[in-house]
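Working notes, structure below.
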There are 2 protein chains.
Amino acid sequence: MRTLGYAILSLLSREELSGYDLMGRMRERVGFFWSARHSQIYPELAQLEEEGFVTHRLVEQRERPDKKVYEITEYGLAALKEWVIEPPSVRATRDEMTLKAYSIWLADPEEAITLFREQEQKHQEQLQRYREIEAWMKEEWGADLERIDSHHFASYAALRRGIGYESEYAEWCRWVSDSLERGV
Amino acid sequence: MRTLGYAILSLLSREELSGYDLMGRMRERVGFFWSARHSQIYPELAQLEEEGFVTHRLVEQRERPDKKVYEITEYGLAALKEWVIEPPSVRATRDEMTLKAYSIWLADPEEAITLFREQEQKHQEQLQRYREIEAWMKEEWGADLERIDSHHFASYAALRRGIGYESEYAEWCRWVSDSLERGV
DNA sequence: ATTCGATATGTCTGTATTGACATATACATC
DNA sequence: GATGTATATGTCAATACAGACATATCGAAT
């Protein structure tokens with residue numbers, strides 16, 4: 001199956017969601033390591049349903065347009081459980097900034113410094129947002145964060161990756177811009 | 001222009017290469033942050049030539065099949081220099097392991113531990129390879145690594161990102177598997 | 001009344017990327 | 001002579017993904 005399919009199942013295993021709400025959850029919860037536009041999500045939901053991984057029911061609403069609420073099936077949950085412990089499909093890491101760094105010797109140092117300082121700032125800001133969520137999780141969920149069969153633990157594990165990633169990225173940007181500044 | 005086009009230009013700005021040799025260089029030098037199959041590289045070279053960024057000449061060989069050797073043009077070098085200091089196009093980070101971690105609460109702990117230990121090992125091994133290259137660079141290039149207009153500095157800057165990335169990834173995998181083991 | 005924004009669900013086209021298919025040369029080994 | 005491997009260059013089909021196009025409901029504000 002498609003990784004996007006599992007990303008959707010991973011959200012539906014926690015709560016029932018409409019396509020629209022799924023978009024929001026995707027952005028909030030798993031957006032930093034998997035994302036998709038609605039133009040990809042709606043067809044994927046249809047296919048998941050065709051394959052028997054999810055079902056939907058129509059929910060009529062008074063104050064908003066009606067919606068289709070999707071629920072994971074037993075079969076879908078079983079597929080998700082299997083996928084979780086399988087080795088990941090080898091997928092090339094692609095990072096444009098590292099590629100730019102590889103050609104940084106051709107650049108005007110001042111302009112390169114500006115670029116890397118800006119990027120450092122962006123990753124620093126994202127890191128800050130994650131740290132705030134981390135503080136909130138610890139406050140709100142407490143000891144649940146250590147219960148490995150709790151979805152709170154799983155959320156925290158993913159967040160830790162976000163923190164580590166942004167932290168390392170910001171540090172690297174700082175190292176590059178500092179090196180450029182020393183070399184000017 | 002396409003990022004792959006710049007990846008190719010970044011290699012051709014350092015040396016002339018045939019499509020086949022470009023494949024090799026791509027794998028060795030920038031493979032960990034940008035990669036492509038030959039089925040993408042050959043058409044890309046043709047398009048870069050059509051757009052005036054590169055030119056090629058035929059080189060006849062005796063002990064091997066003949067080849068097309070590509071060279072970056074002045075125009076191509078100017079385009080590369082501009083691209084290097086431009087902010088990167090926003091590209092979604094996608095990481096399947098983090099997505100799996102988000103659903104780890106559904107998994108059998110023993111099997112999850114195996115998965116994350118294996119992944120830790122893989123990233124640790126890659127980190128080791130990078131550290132060896134780092135040692136070689138320091139030995140071989142010495143003070144050049146601090147000359148910001150030297151391509152050796154740029155190579156080192158990219159390598160540092162690889163080291164940071166793998167180091168952080170391995171550490172995260174270890175944290176996850178240790179947490180799972182404590183929780184069993 | 002109209003306009004705007006949030007909610008809600010879709011389709012379509014183009015590009016990026018992978019994996020398979022396809023072909024040819026030259027050397028080394030069996 | 002046959003087989004395998006590295007070198008060398010391509011095409012083609014399918015999938016993944018982004019961005020644009022398209023439509024409709026409902027509440028709030030003008």
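All heavy atoms count here, side chains included; hydrogens, waters and symmetry mates do not. Numbered from 1 within each chain, the chains take letters A, B, ... in sequence-line order.
Annotation: of the two residues near DNA chain D, B/Gly19 and A/Leu4, the 5′-most nearest-nucleotide partner is B/Gly19. Two residues, A/Trp34 and B/Pro43, neighbour DNA chain D, and the one matched to the more 5' nucleotide by heavy-atom proximity is B/Pro43.
Linking ILVMFWY residues whenever their side-chain heavy atoms come closer than 4.5 Å, directly or via other members, places B/Tyr75 and B/Leu80 in the same cluster.
A/Arg37 has no side-chain polar atom (N or O) that falls below the 4.0 Å cut-off from OP1 or OP2 of C/dT9. Contact annotation: B/Arg94 reaches the phosphate of D/dC17 (side-chain N/O to OP1 or OP2, under 4.0 Å). Applying the 4.0 Å criterion to OP1 and OP2 of C/dT7, one finds that A/Tyr20 has a side-chain N or O inside that range. Look at B/Gln40 and you'll find a side-chain N or O under 4.0 angstrom from OP1 or OP2 of C/dT18. Using a 4.0 Å cut-off, no side-chain N or O of B/Lys67 falls inside it from OP1 or OP2 of C/dT25.
Residues forming a side chain to side chain contact (heavy atoms under 4.5 Å, CB included) with A/Asp144 (at least two apart in sequence, or on another chain): A/Trp141, A/Arg147, A/Ser150, A/His152.
In this structure, the CD atom of A/Gln47 is 13 Å from the P atom of C/dT11, given to the nearest Å. One interatomic measurement links the two molecules: CG of A/Leu45 to P of C/dA8, which rounds to 14 Å at whole-angstrom precision. Rounding to whole angstrom units, OH of residue A/Tyr6 and C1' of D/dA16 are separated by 16 Å. In this entry the distance linking CD1 of A/Ile41 with P of D/dA18 reads 10 Å, nearest Å. Note: CD (B/Glu96) to P (D/dA16) measures 12 Å, nearest angstrom. The interatomic distance linking A/Ile8 (CD1) with D/dA16 (P) rounds to 12 Å, in whole Å. In this structure, CE of A/Met1 is placed 15 Å from C1' of D/dA16, rounded to the nearest angstrom. Rounded to an integer number of Å, the gap from NE2 of B/His38 to P of C/dT17 is 16 Å.
Side-chain atoms of A/Ser39 stay outside donor-acceptor range of the base of C/dG10, with no qualifying N/O pair under 3.5 Å.
Residue pairs that meet the side chain to side chain donor-acceptor pair (under 3.5 Å) test with at least one member in residues 37-46 of chain B, sequence neighbours left out, are B/Arg2-B/Glu44.
For the pair A/Arg14 (side chain) and A/His151 (backbone), a donor-acceptor distance under 3.5 Å is present. Formation of a donor-acceptor pair under 3.5 Å by the B/Lys100 side chain with backbone atoms of A/Trp83 is found in this model.
You'll find the ring centres of B/Phe116 and B/Trp175 outside the 6.0 Å limit.
DNA chain D is contacted by B/Gln61, B/Arg64, B/Pro65, B/Asp66 of residues 59-66 of chain B, taking any non-hydrogen atom closer than 4.0 Å.
Ring pair A/His123/A/Tyr165 is perpendicular by interplanar angle, where above 60° counts as perpendicular and below 30° as parallel.
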